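Everything on this sheet refers to the single structure shown next.
Note on naming: letters A, B, ... go to the chains in the order of the sequence lines (proteins, then strands), and numbering restarts at 1 for each one. Just the heavy atoms: all of them, side chains too, but no hydrogens, waters or symmetry mates, feed the values below. Because the structure is a prediction, the values reported are computed rather than measured.
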Amino acid sequence: MGRLASELRALLGEGKVVDDPLVVALYSRAPDGLEAEELPEAVVFPESAEDVSRLLAFAYRRGVPVYPQGSTSSLGGLALPSGGVVLSFERMDRIREVSVVDGVAVVEPGVRIEELNVELARYGYMFPIDPASAAAATVGGAINSGAGGMRGAKYGTMRDWVLGLQIVLPDERGTVMRIGCRTVKCRQGYDLVRLIVGSEGTLAVVTEAVLRIAPLPENVVVALAFYERLEDLVSAAVAIKEEGVQPLIMEFMDADTVDIVVKYRGAPVEARGHMLLVGVDVNREATGRVLRWLAGLLRRHGASRVYEARSMAEAEERGLLDVRRALFPAQVEYARRALGPGAQALLEDIAVPPSRLAEAVEGVLRVRDEYGLPMALGGHIGDGNLHPAIAYNPRDRRSVERAHAAFREIMRLAVRLGGTVSAEHGIGLLKREGLREELEALGASKALEIMRAIKRVFDPKNILNPGKVV
Amino acid sequence: MPAAGLRERVLEEAGRCAYCGFCEAACPTLRHGPHRGYGPRGRVEIARRLLEGLSKPTGEAVASLFTCLLCGACRVKCPLGVDVPLVVRGARSLYLAGVLGGRVGARPRLRG
Amino acid sequence: MSALDQVLSLMAEYVERTGFPLPVPKGFQYRWAEPLGLPRRGRVYLYTGALYQLAPYVEALVEQLERVEERPGAGIVLRLARAVSRVVDLSKIAVRPDPARVEQVERVLRSVAGLLRAAGVEYAYLYEDDLYSGILLYDMGLDEAFERHARRVYARLRERGAEKVITVDPHTTRALRQVYPEYVPGFDLEVVSYLEVLDEALGAGRLRPSASLGLRAVIHDPCVYARFLGIVEQPRRLLRAAGVELAEPPRSRRMTYCCGGPAEAVLPALARRIAETRMGELAGVGDTVVTLCPICLVNLGRAARGRARVVDAAELLARAFGAG
């Protein structure tokens, strides 16, 4: 048993520390094939803010790196350790309070988003941030990565839904404090809550969150359309907005990716061409009228095929969401057919102003062809967020290098189009260079200096998730 | 001895896991166990590491494998359809047959 | 040798020596059938695999060993190993099951027998050759011991002239249908669950209810039926025909939630917590819970503590189809 682990046991209690090497390895791998270069010495399982406080005070004194983790489902290496200690929130998974009157849920960081939604559904409410990983992703992880999701165009991202936080600082006392409010309106000087959201666990450790919640839509009509020409699809998406409608979801997949899904996963509907999936929330009485309008619009803009559903339940039953949902497994399957069993998919996360989506998609496809890399393309068209998935083999150096080169190329494309290198996944290990280039393009190089200064104020010894973001 | 080809079959299946974690919320044992090893993603990764020879069996690894209910809820949730019960049962068999390295003392336990 | 290893070897050794994974009295597996006078020879056999009959003994052994050891929450494996090391002669470990539980599982089996007869199915019973399937050995990864045992079981079934067997629980059904063919050369028995047999008879009009139960019950799908064998709608059709208004728990059918039972051999405290979670879900939907597996029956029954009545589907069906 390592010395650090025994000290941690003495500090926190026998049952809260694990240093078995095979268990430690479970906290050192991410879904995009990234792995820790150096295994952590131990994993710590806090059960309270008090535990976290003690750990951070200890880590501060001893200069031990601490890597906070939720479910390690993030992409881009946000939560990967390199030595040090992993701080896993598995045991802090309670929903403390749901108040419909105040419109908030108070939760511990280890609650999974899907589990929160199951609970909120009992009140007729939801938490609208729905990353594709919601089944696994925790609230704490979503806060730290600044997560978004399919409903981003309508509901924004985590920064719009976190009202208050309890955080613990990496200082000599492991200071515990609350920031923010329990109200939507809140002007507490500089907005520290929004600073922490998306900070990737590099500034402070979140131990509790006051989240805003939203009523479940009364009904959702769904249309699944396929287009031969990409411009037609984009014009349909634009027209929906021009008519003053803000869909709940508006998802896109390019024709080759649709083929991949059909080939490797099968599809319950005839799927050919570029896919556009639109869900619009409606009052029950408006169901027929809105669905007719939506399907008509999609057809007028050249859809070769449109499937309609009068409710989410009907859409589920007929499998209209299956094609979109199969994106991730299809990306992985595709990567493996192309490159062998160990292959994974490196997921890009660019966003461009929706008006420039067609250019972005064409640019991405050009990079794909130039590099000759297997790539699948999907994304959230409503908010201009694209997720090209580049197949690579994490154990093959050349493959890794080429994938990273293509990855960088696509980030540059986003910056050129006035977009961003990361919409909702975060900077982590993979996009630090991209972030620098993006800020330079904005003439905001000084922003990085400010960020580094902020990091020093919060974390003077650079022990919290070191090596990420800045 | 376990059936011929079991090792290859289990390794192939374990190797298909992308580590997304979608299976975990469905697992009845994970929420009561001391760490991620008591859930499907952890068990599959433990099996993979053992079978690839990256690691010798440890007490926690063996406890993780033997506390699985083989209930299969995870397999329904897995986007890639990884047959987790096949991996776990196969890893148990290979471990007991001694082909993964020596036997070790294991103490299955609840969290806390 | 570690404690876990000891328990596993013990289990294997028991099966090797007695055909059953723990100490049981001779003839315990066919006592339920004695009053029925079922034929001894035929081509179609009712094969229980003794899992219903074993369930009260497993329950008692786990409780006994939990009492032996003072440390609450510690692994059963450790306790069992200690108990075993004290009693070198395995036959000296006596297991005393709860008589009410024994009566309950025997009633379930008699119900199945009666239902098959009501459906006009001709079958014989194996009596002393109604051996344990060995599925626990397989699940635990004791492949060699399982294979030896499975071959013996199959040989015995062949000696009796079996061409087809009707099973009564999910684990035995899975063992014979999906696992035996991989381990037993030349395995060629047709394996059907009594639920499949009855459902078919119901559909064909050979099985008709003589009474409507007029009760409401929550159905708990056993994992192995729902996820490994696809037996989901058959029990529902049968129960509805019996006049049972079925309520579905939040997690049902393919997404059903385990009763915790399979953890009992390794960590009973874990089994209990899971049973508690599941029972909470089920009791939230209704006060009668209907199950289809002896392990679920015992585990959920113990976790119920007055919140709900846990019954086996066969018992309900027998009452409605005049087979009681």
Side-chain angles (χ1 to χ4, degrees), chain A residues 13-35 43 45 47 69-73 75 86 88 90-91 93 110 112-115 118 132-138 141 264-265 325-333 335-336 340-345, chain B residues 8 11-27 30-50 52 54-65 74 76-82 91 100-101 104 106-107 109-112:
Chain A
E14 182 72 22
K16 295 177 193 167
V17 181
V18 175
D19 66 341
D20 182 298
L22 261 168
V23 174
V24 165
L26 302 180
Y27 296 82
S28 311
R29 183 182 168 192
D32 46 7
L34 302 179
E35 283 187 47
V43 184
F45 300 91
E47 291 171 10
Q69 276 190 6
S71 63
T72 339
S73 57
L75 302 166
V86 165
S88 173
E90 273 159 77
R91 297 187 197 172
D93 63 349
R112 295 182 200 267
I113 293 177
E114 196 169 277
E115 287 170 338
V118 168
S133 58
T138 63
Y264 297 126
R265 310 294 299 182
R325 216 170 261 149
L327 179 59
F328 167 71
Q331 283 164 338
V332 176
E333 294 268 16
R336 289 178 181 169
Q344 298 269 136
Chain B
E8 292 68 30
L11 187 54
E12 187 201 336
E13 198 63 20
R16 294 178 56 230
C17 172
Y19 220 63
C20 68
F22 289 14
C23 54
E24 287 190 336
C27 179
L30 178 60
R31 67 189 61 241
H32 303 297
H35 51 71
R36 189 173 281 167
Y38 281 63
R41 173 166 59 161
R43 290 183 177 118
V44 169
E45 178 71 355
I46 284 171
R48 182 184 72 87
R49 286 179 172 266
L50 290 175
E52 284 189 359
L54 298 172
S55 225
K56 290 275 164 236
T58 63
E60 291 296 327
V62 173
S64 298
L65 292 173
C74 45
V76 180
K77 286 285 181 182
C78 176
L80 292 158
V82 173
L100 301 179
V104 293
R107 246 195 70 207
R109 63 198 165 99
L110 299 177
R111 68 171 52 166

Exercise. Taking every heavy-atom pair that is under 4.5 Å apart, which of A18(B), G112(B), C17(B) has the most such pairs with chain A?
Worked result: A18(B)
Exercise. Most heavy-atom pairs under 4.5 angstrom with chain B, which of A137(A), A25(A), G13(A), P341(A)?
Worked result: A25(A)
Exercise. In terms of heavy-atom proximity below 4.5 Å to chain B, should Y27(A) be classed as side chain, backbone, both, or neither?
Worked result: both
Problem set entry | Minimum-distance pair of heavy atoms, taken over all atoms of S73(A) and C20(B) | CB-O, 3.7 Å
Exercise. Are H35(B) and D20(A) close enough that some pair of their side-chain heavy atoms sits under 4.5 Å apart?
Worked result: no
Exercise. How close do A25(B) and A135(A) get, heavy atom to heavy atom, and via which atoms?
Worked result: CB-O, 3.9 Å
For this session: Against chain A, work out which of G37(B), P34(B), A61(B) has the most heavy-atom pairs shorter than 4.5 Å and name it.
Result: P34(B)
Exercise. What part of R48(B) lies closer than 4.5 angstrom to a heavy atom of chain A: side chain, backbone, both or neither?
Worked result: side chain
Exercise. Hey, what do you get for CZ (R36(B)) to OG1 (T72(A)), rounding to the nearest 0.5 Å?
Worked result: 3.0 Å
Exercise. Under 3.5 Å, is there a donor-acceptor pair between the R41(B) and S71(A) side chains?
Worked result: no
Exercise. What part of K77(B) lies closer than 4.5 angstrom to a heavy atom of chain A: side chain, backbone, both or neither?
Worked result: side chain
Problem set entry | Check: L22(A) and L50(B) side chains under 4.5 Å, non-hydrogen atoms | yes
Problem set entry | Best-contacting candidate, R16(B), E24(B), R111(B), K56(B), against chain A by heavy atom pairs under 4.5 angstrom | R111(B)
Exercise. Tell me, do L26(A) and Y19(B) make a side-chain contact under 4.5 Å, heavy atoms counted?
Worked result: yes
Exercise. Does a salt bridge link E35(A) with R49(B), judged by any charged N lying under 4.0 Å from a carboxylate O?
Worked result: yes
Please table the atom pairs, donor to acceptor, closer than 3.5 Å between any side-chain atom in residues 325-333 of chain A and protein atoms at least two apart or in another chain.
{"unit_1": "R325(A)", "atom_1": "NH1", "unit_2": "E316(A)", "atom_2": "OE1", "d": "3.1"}
{"unit_1": "R325(A)", "atom_1": "NH2", "unit_2": "E316(A)", "atom_2": "OE2", "d": "2.9"}
{"unit_1": "E333(A)", "atom_1": "OE2", "unit_2": "R265(A)", "atom_2": "NH1", "d": "3.2"}

Problem set entry | Selection from R91(A), Q344(A), E114(A) maximising heavy-atom pairs under 4.5 Å formed with chain B | R91(A)
Problem set entry | S55(B) versus chain A, the contacting section by heavy-atom distance below 4.5 Å | side chain
For this session: Side chain from CB out, backbone as N, CA, C, O: work out which of these in A132(A) comes under 4.5 Å of a heavy atom of chain B, or both, or neither.
Result: backbone
Problem set entry | Which portion of R112(A) sits near chain B, non-hydrogen atoms under 4.5 angstrom | side chain
Exercise. So which part of E90(A) gets closer than 4.5 Å to some heavy atom of chain B, the side chain, the backbone, both or neither?
Worked result: both
For this session: Please examine the side chains of P21(A) and E60(B), heavy atoms only from C-beta on, and report whether any two atoms are closer than 4.5 Å.
Result: no
